[in-house]
Amino acid sequence: MKIKLTYFKLKEFDQPGMPGSHIHMDLNLLILIDKIRHRAGIPFVITSAYRSPEYNATLKNASNTSAHCLGKAVDISATDSTSRYKIIEAAIHFGIERIGISQNFIHLDIKEKQARVAWLYN
């Protein structure tokens, strides 16, 4: 994968224990995440990006149709309300229409499914 991101190293999108798995990430999503990071103006820590279906199946409460398995989703650490707001505002600005909100992270995805949705994680 040939792409130069301003704020991220490609390995940040790897599945744990699977170096190089960022090659499964959607290029458009990576470009968007870099733009979102710039607009938000805060550091982003990617807590989950690409997941193989096998790895995804080991995670508690992970959907078996997860956009992570398609390389079309990222989770970004967000542990305070200001960070959550900045990430969500920037994501919406750049056209992200699928947002999951947790106490600890924001999920952004571009999976071609129902758009303009936001959900909460328990």
Side-chain angles (χ1 to χ4, degrees):
M1 174 182 295
K2 297 277 187 181
I3 181 175
K4 175 82 169 133
L5 300 173
T6 302
Y7 297 100
F8 303 98
K9 292 180 172 65
L10 289 174
K11 68 182 180 181
E12 294 179 73
F13 301 94
D14 285 347
Q15 173 182 299
M18 195 174 175
S21 57
H22 63 267
I23 64 166
H24 300 291
M25 291 297 297
D26 184 282
L27 184 61
N28 293 321
L29 178 61
L30 295 178
I31 292 166
L32 275 174
I33 295 303
D34 212 43
K35 290 178 181 180
I36 291 166
R37 160 56 183 92
H38 180 78
R39 182 172 176 93
I42 58 172
F44 281 13
V45 174
I46 305 299
T47 59
S48 186
Y50 176 72
R51 298 180 194 159
S52 68
E54 297 79 16
Y55 177 74
N56 192 65
T58 69
L59 302 175
K60 182 181 176 187
N61 300 323
S63 168
N64 60 358
T65 60
S66 174
H68 288 279
C69 298
L70 303 172
K72 293 181 179 270
V74 296
D75 294 344
I76 303 163
S77 179
T79 57
D80 64 84
S81 59
T82 301
S83 296
R84 284 190 290 273
Y85 178 85
K86 288 178 178 184
I87 294 166
I88 292 167
E89 186 281 329
I92 291 170
H93 175 83
F94 284 106
I96 298 289
E97 295 183 338
R98 295 180 45 79
I99 301 171
I101 304 164
S102 162
Q103 285 188 320
N104 299 315
F105 66 89
I106 300 294
H107 169 97
L108 304 176
D109 82 50
I110 58 169
K111 186 175 180 182
E112 294 161 2
K113 197 176 174 181
Q114 180 182 6
R116 294 191 178 171
V117 294
W119 61 90
L120 299 174
Y121 293 96
N122 293 330

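Positions are given from 1 along the sequence.
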*Go through the structure and list residues passing ring-ring contact (aromatic ring centres under 6.0 Å, His included) with F44, not counting sequence neighbours.*
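Applying ring-ring contact (aromatic ring centres under 6.0 Å, His included) to F44 gives none.
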_Can you list everything that forms a side-chain contact (heavy atoms from CB on, under 4.5 Å) with E12? Sequence neighbours excluded, please._
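Result, side-chain contact (heavy atoms from CB on, under 4.5 Å) vs E12: F8, K9.
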*asked:* Rounded at 0.5 Å granularity, tell me how far CD1 in I76 sits from OG in S102.
replied: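 So the gap between those two atoms works out to 12.5 Å.
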Sequence neighbours left out, what pairs pass salt bridge (charged side-chain N to carboxylate O under 4.0 Å, His left out) with at least one residue falling in [range]?
| range | value |
| --- | --- |
| residues 77-87 | none |
| residues 95-109 | E97-R116, R98-D109 |
| residues 36-61 | R39-E89, R51-D75 |

_Sequence neighbours excluded - ring-ring contact (aromatic ring centres under 6.0 Å, His included) pairs with any residue from residues 59-84_ =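 The answer is H68-H107.
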*Enumerate the residue pairs fulfilling ring-ring contact (aromatic ring centres under 6.0 Å, His included) with a member in residues 78-100, sequence neighbours excluded, ordered by first and then second residue.*
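Matches after skipping sequence neighbours: none remain.
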_Cluster companions of L59 among Ile, Leu, Val, Met, Phe, Trp, Tyr (side-chain spacing under 4.5 Å)_ =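 When side chains under 4.5 Å apart are linked, the cluster holding L59 also contains Y55.
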*side chain to side chain donor-acceptor pair (under 3.5 Å) with K72: which residues, sequence neighbours excluded?*
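Only D26 meet the side chain to side chain donor-acceptor pair (under 3.5 Å) criterion with K72.
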*Could you tell me which residues satisfy side chain to side chain donor-acceptor pair (under 3.5 Å) with T65, sequence neighbours excluded, listed by chain and number?*
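Applying side chain to side chain donor-acceptor pair (under 3.5 Å) to T65 gives S63.
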*Backbone N or O of L5 within a donor-acceptor pair of the D34 side chain at under 3.5 Å?*
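Answer holds: no.
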